[in-house]
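Worksheet: the structure to be examined is printed underneath.
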Amino acid sequence: MENIWVVPIFVYTEVFHVLENDIVRLNTCDSLHGRRKILTNKQKITADNVVSVLEDSLGFDSANVAEINYLYDVYRGIMDIRYKDKSVRPDNNNKVTINLPNKIVTFKSSFFLSSPIQYVAANGKEDISDKVAYLNVLMSSEGKESKDKECSDWMHICGVEPRMVLPDPDNEKDGSPAALYSLDPREAFVIYSSGIGRKPLAGVLKQYDEDDNLIYYVYVPEGRYTVKGNDVVDWLAYDFGRVPIVEYPLNEARLGAFETVLSPINMINTLESARVDNVVDFVNAYDVFQNCEIDENTYKELARGGQCICIRSGQGTEAKVYRISSEISQTGVQTEIDALYDYIDEITGMPTRAGNSSAADTGMGTRFRNGWQDASARANDTEKLFARSEREILKLILKIYKDKGVLDLDPNDVKIQFTRENLTDIQSKAQVLCELLNNEKVHPRDAYDISGLFTDVENAYQRGMEWYEEAQSELENSLEKELENARTVHNDGQSDRNTAEEGNTAV
(Lines give C-alpha, C1' and ligand atoms only; values in the text may rest on other atoms or scores of the structure.)
Protein backbone atom coordinates (compact mmCIF):
# COMPACT_ATOMS: atom_id res chain seq x y z
CA MET A 1 0.00 0.00 0.00
CA GLU A 2 1.41 3.36 -1.00
CA ASN A 3 1.98 6.11 1.53
CA ILE A 4 0.08 9.24 0.57
CA TRP A 5 1.23 12.54 2.08
CA VAL A 6 -1.49 15.12 2.62
CA VAL A 7 0.00 18.63 2.72
CA PRO A 8 -2.14 21.76 3.22
CA ILE A 9 -1.37 24.43 0.59
CA PHE A 10 -2.39 28.11 0.89
CA VAL A 11 -2.67 30.14 -2.28
CA TYR A 12 -3.59 33.84 -2.46
CA THR A 13 -5.61 34.65 -5.53
CA GLU A 14 -4.67 37.79 -7.47
CA VAL A 15 -7.77 37.96 -9.66
CA PHE A 16 -10.14 40.89 -9.15
CA HIS A 17 -8.51 41.78 -5.83
CA VAL A 18 -5.74 44.22 -4.90
CA LEU A 19 -3.19 42.70 -2.56
CA GLU A 20 -0.02 44.00 -0.97
CA ASN A 21 2.08 42.31 -3.67
CA ASP A 22 0.04 44.03 -6.39
CA ILE A 23 0.73 47.40 -4.81
CA VAL A 24 4.40 46.52 -4.39
CA ARG A 25 4.68 45.87 -8.14
CA LEU A 26 3.70 49.48 -8.78
CA ASN A 27 7.02 50.57 -7.31
CA THR A 28 10.46 50.12 -8.78
CA CYS A 29 11.84 49.61 -5.26
CA ASP A 30 9.75 46.43 -4.77
CA SER A 31 8.03 47.62 -1.61
CA LEU A 32 5.83 50.26 -0.02
CA HIS A 33 8.16 53.09 0.96
CA GLY A 34 5.82 56.00 1.67
CA ARG A 35 4.01 58.49 -0.54
CA ARG A 36 5.86 60.45 -3.17
CA LYS A 37 6.49 64.16 -2.79
CA ILE A 38 5.44 65.73 -6.10
CA LEU A 39 8.08 68.11 -7.49
CA THR A 40 8.46 70.39 -10.49
CA ASN A 41 11.42 72.23 -11.96
CA LYS A 42 9.30 75.31 -12.67
CA GLN A 43 10.03 78.33 -10.53
CA LYS A 44 6.43 79.53 -10.59
CA ILE A 45 3.05 78.20 -11.68
CA THR A 46 1.47 80.49 -14.27
CA ALA A 47 -1.39 80.36 -16.77
CA ASP A 48 1.10 79.30 -19.45
CA ASN A 49 2.49 76.25 -17.65
CA VAL A 50 -0.23 75.21 -15.18
CA VAL A 51 -1.69 72.54 -17.50
CA SER A 52 1.68 70.95 -18.31
CA VAL A 53 2.80 70.96 -14.68
CA LEU A 54 -0.52 69.41 -13.66
CA GLU A 55 -0.21 66.67 -16.28
CA ASP A 56 3.31 65.82 -15.12
CA SER A 57 2.10 65.59 -11.51
CA LEU A 58 -0.93 63.36 -12.07
CA GLY A 59 1.16 60.25 -12.74
CA PHE A 60 2.83 60.46 -9.33
CA ASP A 61 -0.50 61.31 -7.72
CA SER A 62 -2.16 58.24 -9.28
CA ALA A 63 0.51 55.98 -7.77
CA ASN A 64 0.00 57.64 -4.39
CA VAL A 65 -3.78 57.24 -4.64
CA ALA A 66 -3.46 53.51 -5.46
CA GLU A 67 -1.31 52.99 -2.37
CA ILE A 68 -3.59 55.11 -0.17
CA ASN A 69 -6.63 53.10 -1.30
CA TYR A 70 -4.85 49.87 -0.38
CA LEU A 71 -3.74 51.19 3.03
CA TYR A 72 -7.21 52.58 3.77
CA ASP A 73 -8.76 49.21 2.90
CA VAL A 74 -6.30 47.46 5.23
CA TYR A 75 -7.23 49.94 7.97
CA ARG A 76 -10.90 49.05 7.44
CA GLY A 77 -10.17 45.32 7.64
CA ILE A 78 -10.02 44.45 3.93
CA MET A 79 -6.76 42.55 4.24
CA ASP A 80 -4.95 40.02 2.06
CA ILE A 81 -6.09 37.04 4.13
CA ARG A 82 -9.69 37.62 3.02
CA TYR A 83 -8.75 36.42 -0.47
CA LYS A 84 -6.99 33.23 0.65
CA ASP A 85 -7.53 30.08 -1.43
CA LYS A 86 -6.91 26.56 -0.15
CA SER A 87 -6.20 23.78 -2.62
CA VAL A 88 -6.64 20.91 -0.16
CA ARG A 89 -10.14 20.61 1.33
CA PRO A 90 -11.17 24.02 -0.07
CA ASP A 91 -14.47 23.84 1.81
CA ASN A 92 -12.50 24.28 5.04
CA ASN A 93 -11.04 27.70 4.22
CA ASN A 94 -11.27 29.96 7.27
CA LYS A 95 -10.13 33.57 6.94
CA VAL A 96 -9.34 35.20 10.26
CA THR A 97 -8.63 38.93 10.21
CA ILE A 98 -6.82 40.40 13.21
CA ASN A 99 -7.16 44.09 12.42
CA LEU A 100 -3.92 45.32 13.98
CA PRO A 101 -3.65 48.30 11.56
CA ASN A 102 -6.89 49.71 12.96
CA LYS A 103 -5.59 49.23 16.50
CA ILE A 104 -2.29 50.95 15.67
CA VAL A 105 -3.92 53.95 13.96
CA THR A 106 -6.58 54.36 16.65
CA PHE A 107 -4.04 54.27 19.47
CA LYS A 108 -1.50 56.51 17.75
CA SER A 109 -4.08 59.13 16.81
CA SER A 110 -5.85 59.16 20.20
CA PHE A 111 -2.56 59.21 22.12
CA PHE A 112 -1.11 61.99 19.97
CA LEU A 113 -4.25 64.12 20.45
CA SER A 114 -5.28 62.92 23.91
CA SER A 115 -5.83 66.61 24.69
CA PRO A 116 -6.79 69.32 22.16
CA ILE A 117 -4.05 71.33 20.48
CA GLN A 118 -4.07 74.84 21.90
CA TYR A 119 -2.56 78.17 20.88
CA VAL A 120 -0.74 79.99 23.67
CA ALA A 121 0.98 83.36 23.83
CA ALA A 122 4.68 83.28 23.02
CA ASN A 123 5.34 86.06 25.56
CA GLY A 124 3.78 87.25 28.79
CA LYS A 125 2.11 90.41 27.48
CA GLU A 126 -1.48 90.69 28.67
CA ASP A 127 -2.84 92.08 25.40
CA ILE A 128 -1.28 89.19 23.45
CA SER A 129 -2.75 86.66 25.90
CA ASP A 130 -6.21 88.16 25.41
CA LYS A 131 -5.91 87.94 21.62
CA VAL A 132 -4.64 84.36 21.72
CA ALA A 133 -7.50 83.38 24.02
CA TYR A 134 -9.93 84.85 21.47
CA LEU A 135 -8.13 82.93 18.72
CA ASN A 136 -8.81 79.69 20.60
CA VAL A 137 -12.47 80.63 20.88
CA LEU A 138 -12.70 81.19 17.12
CA MET A 139 -10.95 77.87 16.44
CA SER A 140 -13.35 76.11 18.78
CA SER A 141 -16.31 77.56 16.89
CA GLU A 142 -14.77 76.20 13.68
CA GLY A 143 -14.64 72.70 15.21
CA LYS A 144 -10.86 72.49 14.99
CA GLU A 145 -10.57 69.71 17.57
CA SER A 146 -12.58 67.24 15.49
CA LYS A 147 -10.77 68.31 12.31
CA ASP A 148 -7.43 67.75 14.03
CA LYS A 149 -8.61 64.22 14.82
CA GLU A 150 -9.54 63.63 11.17
CA CYS A 151 -6.15 64.97 10.11
CA SER A 152 -4.31 62.74 12.56
CA ASP A 153 -6.19 59.63 11.41
CA TRP A 154 -5.24 60.15 7.75
CA MET A 155 -1.63 60.91 8.72
CA HIS A 156 -1.31 57.59 10.53
CA ILE A 157 -3.14 55.65 7.81
CA CYS A 158 -1.24 56.79 4.73
CA GLY A 159 1.52 59.10 5.96
CA VAL A 160 0.20 62.47 4.77
CA GLU A 161 -2.92 64.63 5.10
CA PRO A 162 -3.67 67.86 3.16
CA ARG A 163 -5.59 70.72 4.80
CA MET A 164 -6.98 73.88 3.27
CA VAL A 165 -7.94 77.31 4.60
CA LEU A 166 -10.32 79.63 2.76
CA PRO A 167 -12.57 82.54 3.77
CA ASP A 168 -15.79 81.21 5.28
CA PRO A 169 -18.32 80.95 2.42
CA ASP A 170 -21.25 81.18 4.86
CA ASN A 171 -20.06 84.45 6.48
CA GLU A 172 -21.32 83.43 9.91
CA LYS A 173 -21.45 86.44 12.22
CA ASP A 174 -20.64 84.54 15.41
CA GLY A 175 -18.27 82.01 13.85
CA SER A 176 -14.79 82.01 12.42
CA PRO A 177 -14.34 84.04 9.20
CA ALA A 178 -11.78 81.44 8.09
CA ALA A 179 -12.96 77.96 7.09
CA LEU A 180 -10.61 75.05 7.85
CA TYR A 181 -10.95 71.87 5.77
CA SER A 182 -9.31 68.48 6.36
CA LEU A 183 -9.16 67.05 2.84
CA ASP A 184 -9.12 63.47 1.63
CA PRO A 185 -5.48 62.76 0.60
CA ARG A 186 -6.81 60.95 -2.48
CA GLU A 187 -8.45 64.16 -3.68
CA ALA A 188 -5.77 66.78 -3.01
CA PHE A 189 -2.01 67.21 -3.14
CA VAL A 190 0.67 69.91 -3.16
CA ILE A 191 3.25 70.54 -5.90
CA TYR A 192 6.67 71.61 -4.60
CA SER A 193 9.66 73.24 -6.23
CA SER A 194 12.57 70.91 -6.83
CA GLY A 195 14.96 73.62 -5.64
CA ILE A 196 16.47 74.13 -2.20
CA GLY A 197 13.85 74.24 0.53
CA ARG A 198 11.15 72.46 -1.52
CA LYS A 199 8.95 75.56 -1.56
CA PRO A 200 5.25 74.78 -2.16
CA LEU A 201 4.18 76.24 -5.51
CA ALA A 202 0.60 75.04 -5.88
CA GLY A 203 -2.11 73.02 -4.20
CA VAL A 204 -4.41 70.84 -6.33
CA LEU A 205 -7.96 69.89 -5.40
CA LYS A 206 -9.87 67.36 -7.52
CA GLN A 207 -13.64 67.86 -7.76
CA TYR A 208 -16.53 66.94 -10.07
CA ASP A 209 -19.11 69.24 -11.62
CA GLU A 210 -22.83 68.50 -11.92
CA ASP A 211 -22.23 66.60 -15.16
CA ASP A 212 -19.65 64.32 -13.47
CA ASN A 213 -16.76 65.97 -15.29
CA LEU A 214 -13.45 66.01 -13.42
CA ILE A 215 -12.22 69.50 -12.53
CA TYR A 216 -8.85 70.47 -11.08
CA TYR A 217 -8.64 73.55 -8.88
CA VAL A 218 -5.01 74.66 -8.78
CA TYR A 219 -4.35 77.08 -5.90
CA VAL A 220 -1.29 79.34 -6.13
CA PRO A 221 -0.32 82.23 -3.80
CA GLU A 222 -1.96 84.79 -6.15
CA GLY A 223 -5.22 82.99 -6.94
CA ARG A 224 -6.90 79.84 -8.26
CA TYR A 225 -6.84 78.25 -11.71
CA THR A 226 -9.73 76.02 -12.79
CA VAL A 227 -8.56 73.35 -15.22
CA LYS A 228 -10.94 71.13 -17.17
CA GLY A 229 -9.40 68.74 -19.64
CA ASN A 230 -6.42 70.53 -21.17
CA ASP A 231 -7.79 74.05 -20.77
CA VAL A 232 -7.80 76.72 -18.08
CA VAL A 233 -11.46 77.69 -17.89
CA ASP A 234 -11.38 80.15 -15.00
CA TRP A 235 -9.09 82.32 -12.86
CA LEU A 236 -9.98 83.69 -9.43
CA ALA A 237 -7.58 86.21 -7.91
CA TYR A 238 -7.00 86.59 -4.17
CA ASP A 239 -4.26 87.84 -1.87
CA PHE A 240 -3.26 85.05 0.53
CA GLY A 241 0.44 85.39 -0.18
CA ARG A 242 0.91 81.61 0.13
CA VAL A 243 -0.60 78.33 -1.08
CA PRO A 244 -3.83 77.72 0.91
CA ILE A 245 -3.37 73.92 0.87
CA VAL A 246 -0.81 72.55 3.34
CA GLU A 247 0.28 68.92 3.68
CA TYR A 248 0.79 67.35 7.12
CA PRO A 249 3.34 64.50 6.81
CA LEU A 250 3.63 61.90 9.57
CA ASN A 251 7.35 61.64 8.82
CA GLU A 252 9.75 62.73 6.10
CA ALA A 253 9.28 59.43 4.23
CA ARG A 254 5.48 59.88 4.43
CA LEU A 255 5.02 56.36 5.74
CA GLY A 256 1.81 55.32 7.47
CA ALA A 257 1.94 54.10 11.06
CA PHE A 258 1.47 50.41 10.15
CA GLU A 259 3.02 50.42 6.69
CA THR A 260 6.40 49.06 7.82
CA VAL A 261 4.82 46.06 9.59
CA LEU A 262 2.41 44.83 6.92
CA SER A 263 4.35 41.58 6.42
CA PRO A 264 4.22 40.41 10.08
CA ILE A 265 0.56 41.52 10.26
CA ASN A 266 -0.29 39.36 7.24
CA MET A 267 1.68 36.49 8.75
CA ILE A 268 -0.31 36.70 11.99
CA ASN A 269 -3.54 36.51 9.99
CA THR A 270 -2.18 33.48 8.10
CA LEU A 271 -1.19 31.65 11.29
CA GLU A 272 -4.50 32.37 13.01
CA SER A 273 -6.42 31.20 9.94
CA ALA A 274 -4.31 28.03 9.76
CA ARG A 275 -5.07 27.39 13.42
CA VAL A 276 -8.80 27.38 12.79
CA ASP A 277 -8.38 25.29 9.64
CA ASN A 278 -6.42 22.72 11.63
CA VAL A 279 -9.05 22.50 14.36
CA VAL A 280 -11.79 21.92 11.79
CA ASP A 281 -9.63 19.36 9.96
CA PHE A 282 -9.01 17.55 13.23
CA VAL A 283 -12.72 17.39 14.03
CA ASN A 284 -13.60 16.34 10.49
CA ALA A 285 -10.69 13.98 9.94
CA TYR A 286 -10.71 11.42 7.11
CA ASP A 287 -11.91 7.89 7.94
CA VAL A 288 -9.71 5.11 6.62
CA PHE A 289 -11.05 1.58 6.07
CA GLN A 290 -8.06 -0.64 5.51
CA ASN A 291 -8.72 -4.10 4.01
CA CYS A 292 -12.43 -3.59 4.61
CA GLU A 293 -15.51 -3.96 2.53
CA ILE A 294 -18.12 -1.28 3.22
CA ASP A 295 -20.82 -0.01 0.96
CA GLU A 296 -21.93 3.59 0.52
CA ASN A 297 -25.19 3.21 2.42
CA THR A 298 -23.41 1.75 5.43
CA TYR A 299 -20.94 4.66 5.52
CA LYS A 300 -23.77 7.21 5.27
CA GLU A 301 -25.44 5.49 8.23
CA LEU A 302 -22.21 5.83 10.18
CA ALA A 303 -21.90 9.51 9.25
CA ARG A 304 -25.45 10.12 10.49
CA GLY A 305 -24.46 8.88 13.94
CA GLY A 306 -24.65 5.13 13.72
CA GLN A 307 -23.29 3.38 16.80
CA CYS A 308 -21.59 0.51 15.03
CA ILE A 309 -21.11 -1.05 11.63
CA CYS A 310 -20.24 -4.51 10.40
CA ILE A 311 -17.30 -4.90 8.07
CA ARG A 312 -15.72 -7.87 6.37
CA SER A 313 -12.07 -8.40 5.58
CA GLY A 314 -10.54 -10.60 2.97
CA GLN A 315 -8.93 -13.94 3.79
CA GLY A 316 -5.50 -13.63 5.38
CA THR A 317 -5.70 -9.84 5.88
CA GLU A 318 -6.34 -7.80 8.99
CA ALA A 319 -9.15 -5.24 8.86
CA LYS A 320 -8.55 -1.81 10.40
CA VAL A 321 -10.65 1.33 10.75
CA TYR A 322 -8.93 4.53 11.84
CA ARG A 323 -8.87 8.30 11.20
CA ILE A 324 -6.22 10.40 9.52
CA SER A 325 -5.75 13.37 11.81
CA SER A 326 -2.88 15.64 12.66
CA GLU A 327 -2.97 18.54 15.09
CA ILE A 328 -0.44 21.35 14.97
CA SER A 329 1.46 22.38 18.06
CA GLN A 330 -0.52 25.27 19.50
CA THR A 331 2.41 26.16 21.76
CA GLY A 332 4.77 26.49 18.81
CA VAL A 333 2.31 28.58 16.81
CA GLN A 334 1.62 30.85 19.79
CA THR A 335 5.36 31.35 20.31
CA GLU A 336 5.69 32.52 16.70
CA ILE A 337 2.66 34.81 16.99
CA ASP A 338 4.00 36.32 20.23
CA ALA A 339 7.33 37.01 18.52
CA LEU A 340 5.54 38.72 15.62
CA TYR A 341 3.56 40.89 18.07
CA ASP A 342 6.81 41.88 19.77
CA TYR A 343 8.32 42.87 16.41
CA ILE A 344 5.26 44.96 15.58
CA ASP A 345 5.26 46.72 18.97
CA GLU A 346 8.99 47.46 18.76
CA ILE A 347 8.86 48.82 15.22
CA THR A 348 5.72 50.93 15.63
CA GLY A 349 6.40 52.11 19.19
CA MET A 350 3.22 50.58 20.61
CA PRO A 351 2.95 49.89 24.37
CA THR A 352 2.42 46.30 25.43
CA ARG A 353 -0.03 44.76 27.87
CA ALA A 354 2.31 41.87 28.71
CA GLY A 355 3.09 40.96 32.30
CA ASN A 356 6.67 41.03 33.62
CA SER A 357 5.53 43.09 36.59
CA SER A 358 7.72 43.64 39.59
CA ALA A 359 6.94 44.73 43.12
CA ALA A 360 9.84 47.17 42.91
CA ASP A 361 8.41 48.95 39.88
CA THR A 362 7.78 52.67 40.18
CA GLY A 363 5.44 54.64 37.94
CA MET A 364 8.24 55.67 35.58
CA GLY A 365 9.72 52.17 35.70
CA THR A 366 6.44 50.73 34.46
CA ARG A 367 6.33 53.30 31.65
CA PHE A 368 9.78 52.29 30.42
CA ARG A 369 9.20 48.54 30.77
CA ASN A 370 5.80 48.40 29.06
CA GLY A 371 6.70 50.68 26.17
CA TRP A 372 4.73 53.78 27.16
CA GLN A 373 7.87 55.87 27.11
CA ASP A 374 8.50 54.75 23.51
CA ALA A 375 4.94 55.68 22.60
CA SER A 376 5.44 59.12 24.15
CA ALA A 377 8.73 59.59 22.30
CA ARG A 378 7.09 58.71 18.98
CA ALA A 379 4.29 61.21 19.68
CA ASN A 380 6.84 63.89 20.51
CA ASP A 381 8.57 63.15 17.21
CA THR A 382 5.27 63.54 15.34
CA GLU A 383 4.71 66.90 17.03
CA LYS A 384 7.65 68.51 15.27
CA LEU A 385 6.41 67.97 11.71
CA PHE A 386 2.81 68.61 12.72
CA ALA A 387 3.77 71.95 14.28
CA ARG A 388 5.65 72.98 11.13
CA SER A 389 2.56 72.45 8.98
CA GLU A 390 0.27 73.90 11.64
CA ARG A 391 2.35 77.09 11.61
CA GLU A 392 1.64 77.51 7.88
CA ILE A 393 -2.07 76.99 8.44
CA LEU A 394 -1.99 79.49 11.30
CA LYS A 395 -0.45 82.14 9.05
CA LEU A 396 -3.29 81.67 6.55
CA ILE A 397 -5.93 81.87 9.27
CA LEU A 398 -4.50 85.02 10.85
CA LYS A 399 -4.17 86.65 7.42
CA ILE A 400 -7.90 86.15 6.82
CA TYR A 401 -8.76 87.36 10.33
CA LYS A 402 -6.73 90.51 9.81
CA ASP A 403 -8.26 91.20 6.39
CA LYS A 404 -11.74 90.75 7.86
CA GLY A 405 -10.94 93.07 10.79
CA VAL A 406 -11.68 90.33 13.34
CA LEU A 407 -8.28 89.84 14.95
CA ASP A 408 -4.89 91.48 14.41
CA LEU A 409 -2.32 89.04 15.73
CA ASP A 410 1.23 88.33 14.61
CA PRO A 411 1.87 84.58 14.04
CA ASN A 412 5.20 84.97 15.87
CA ASP A 413 3.25 85.86 19.03
CA VAL A 414 1.53 82.46 19.01
CA LYS A 415 3.00 79.18 20.20
CA ILE A 416 1.45 75.81 19.32
CA GLN A 417 0.87 73.82 22.51
CA PHE A 418 0.62 70.01 22.64
CA THR A 419 -0.57 68.65 25.98
CA ARG A 420 -0.82 64.93 26.61
CA GLU A 421 -1.22 62.91 29.79
CA ASN A 422 -1.77 66.03 31.84
CA LEU A 423 -2.89 63.81 34.76
CA THR A 424 0.37 61.83 34.79
CA ASP A 425 2.55 62.80 37.78
CA ILE A 426 -0.01 65.46 38.61
CA GLN A 427 1.41 65.95 42.10
CA SER A 428 4.88 66.72 40.71
CA LYS A 429 3.41 69.13 38.17
CA ALA A 430 1.42 70.90 40.89
CA GLN A 431 4.58 71.26 42.97
CA VAL A 432 6.44 72.70 39.98
CA LEU A 433 3.61 75.23 39.47
CA CYS A 434 3.68 76.30 43.12
CA GLU A 435 7.47 76.65 43.17
CA LEU A 436 7.49 78.76 40.02
CA LEU A 437 4.63 80.98 41.22
CA ASN A 438 6.55 81.63 44.45
CA ASN A 439 9.63 82.68 42.47
CA GLU A 440 9.59 86.45 41.98
CA LYS A 441 11.78 86.22 38.86
CA VAL A 442 9.41 83.90 36.95
CA HIS A 443 6.39 85.35 35.21
CA PRO A 444 3.15 83.60 36.25
CA ARG A 445 2.31 82.99 32.60
CA ASP A 446 5.53 80.99 32.18
CA ALA A 447 4.77 79.01 35.35
CA TYR A 448 1.42 77.88 33.92
CA ASP A 449 3.07 76.92 30.64
CA ILE A 450 6.09 75.05 32.04
CA SER A 451 4.18 73.00 34.60
CA GLY A 452 2.22 71.11 31.92
CA LEU A 453 -0.74 70.87 34.26
CA PHE A 454 -3.33 72.51 32.01
CA THR A 455 -4.59 71.60 28.54
CA ASP A 456 -5.64 75.21 27.84
CA VAL A 457 -2.83 77.30 29.31
CA GLU A 458 -4.23 80.69 28.21
CA ASN A 459 -7.65 80.04 29.70
CA ALA A 460 -6.19 78.67 32.94
CA TYR A 461 -3.79 81.59 33.26
CA GLN A 462 -6.46 84.22 32.64
CA ARG A 463 -8.91 82.58 35.06
CA GLY A 464 -6.15 82.26 37.64
CA MET A 465 -5.15 85.90 37.34
CA GLU A 466 -8.78 87.05 37.48
CA TRP A 467 -9.36 84.97 40.60
CA TYR A 468 -6.13 86.30 42.14
CA GLU A 469 -7.10 89.89 41.44
CA GLU A 470 -10.57 89.33 42.86
CA ALA A 471 -9.11 87.70 45.97
CA GLN A 472 -6.64 90.56 46.39
CA SER A 473 -9.44 93.10 45.98
CA GLU A 474 -11.58 91.31 48.56
CA LEU A 475 -8.60 91.12 50.91
CA GLU A 476 -7.91 94.83 50.55
CA ASN A 477 -11.59 95.66 51.14
CA SER A 478 -11.63 93.44 54.21
CA LEU A 479 -8.48 95.08 55.59
CA GLU A 480 -9.90 98.54 54.97
CA LYS A 481 -13.11 97.61 56.82
CA GLU A 482 -11.15 96.21 59.75
CA LEU A 483 -8.98 99.33 59.84
CA GLU A 484 -12.06 101.56 59.70
CA ASN A 485 -13.69 99.59 62.54
CA ALA A 486 -10.51 99.88 64.58
CA ARG A 487 -10.44 103.64 64.02
CA THR A 488 -14.08 103.91 65.03
CA VAL A 489 -13.49 101.97 68.22
CA HIS A 490 -10.42 104.05 68.98
CA ASN A 491 -12.30 107.32 68.42
CA ASP A 492 -15.22 106.17 70.58
CA GLY A 493 -12.83 105.23 73.40
CA GLN A 494 -11.02 108.53 73.14
CA SER A 495 -14.36 110.41 73.36
CA ASP A 496 -15.33 108.50 76.51
CA ARG A 497 -12.03 109.32 78.15
CA ASN A 498 -12.37 113.01 77.27
CA THR A 499 -15.87 113.12 78.75
CA ALA A 500 -14.69 111.49 81.96
CA GLU A 501 -11.83 113.95 82.30
CA GLU A 502 -14.20 116.92 81.85
CA GLY A 503 -16.46 115.51 84.60
CA ASN A 504 -13.58 115.19 87.04
CA THR A 505 -12.50 118.74 86.36
CA ALA A 506 -15.99 120.08 87.07
CA VAL A 507 -16.07 118.34 90.47
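Nothing fancy with the numbering, it's 1 onward along the sequence. Side-chain atoms are counted along with the backbone in the values below, which use heavy atoms only and exclude waters and symmetry mates.
- A salt bridge is absent between Lys384 and Glu390: the closest approach of a Lys/Arg side-chain nitrogen to an acidic carboxylate oxygen does not fall below 4.0 angstrom.
- Here Lys228 does not pair with Asp234 in a salt bridge; the nearest charged N to carboxylate O distance is not below 4.0 Å.
- For Lys37 and Tyr192, the positive end sits near the middle of the six-membered ring, less than 6.0 Å away and at most 45° from its axis.
- The number of heavy-atom neighbours closer than 6.0 Å to CD of Gln43, taken from other residues, nucleotides and ligands shown, is 12 or below.
- Judged by the 6.0 Å distance and 45° axis criteria, Arg163 is not positioned over the aromatic ring of Tyr181.
- A side-chain donor from one of Asn92 and Asn94 sits under 3.5 Å from a side-chain acceptor of the other.
- Shown here is Lys42, whose NZ atom has no more than 12 heavy atoms of other residues, nucleotides or ligands within 6.0 Å.
- Side-chain atoms of Lys144 never come within 3.5 Å of backbone atoms of Asn136 as a donor-acceptor pair (strictly under, hydrogens ignored).
- Judged by distance alone, the side chains of Asn102 and Thr106 do bring a donor and an acceptor atom under 3.5 Å apart.
- Side-chain N/O atoms of Lys84 and Asn93 include a donor and acceptor closer than 3.5 Å.
- Between the Arg35 side chain and the Cys158 main chain, a donor and an acceptor come within less than 3.5 Å of each other.
- The closest donor-acceptor contact from the side chain of Asn380 to the backbone of Ser376 lies under 3.5 Å.
- A donor-acceptor contact closer than 3.5 angstrom is absent between the side chains of Asn269 and Thr97.
- Remark: the Arg378 side chain and the Gln373 side chain contain no N/O donor-acceptor pair separated by less than 3.5 Å.
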The test is side chain to side chain contact (heavy atoms under 4.5 Å, CB included); show your working for Ile393 and Leu180 and say whether it passes. CA-CA 9 Å; Ile393 286 290; Leu180 177 64; 4.1 Å; yes
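- Checked against the 6.0 Å centroid criterion, the rings of Tyr217 and Tyr225 do not qualify as a close aromatic pair.
- Using a distance-only test at 3.5 Å, with no hydrogens or angles considered, a donor-acceptor pair links the side chain of Thr348 to the main chain of Ile344.
- One N or O on the side chain of Asn49 and one on the backbone of Lys44 form a donor-acceptor pair closer than 3.5 Å.
- In this structure, the ring of Trp154 has its center less than 6.0 angstrom from the ring center of Tyr72.
- In summary, the aromatic rings of Phe418 and Phe112 are positioned with their centroids under 6.0 Å apart.
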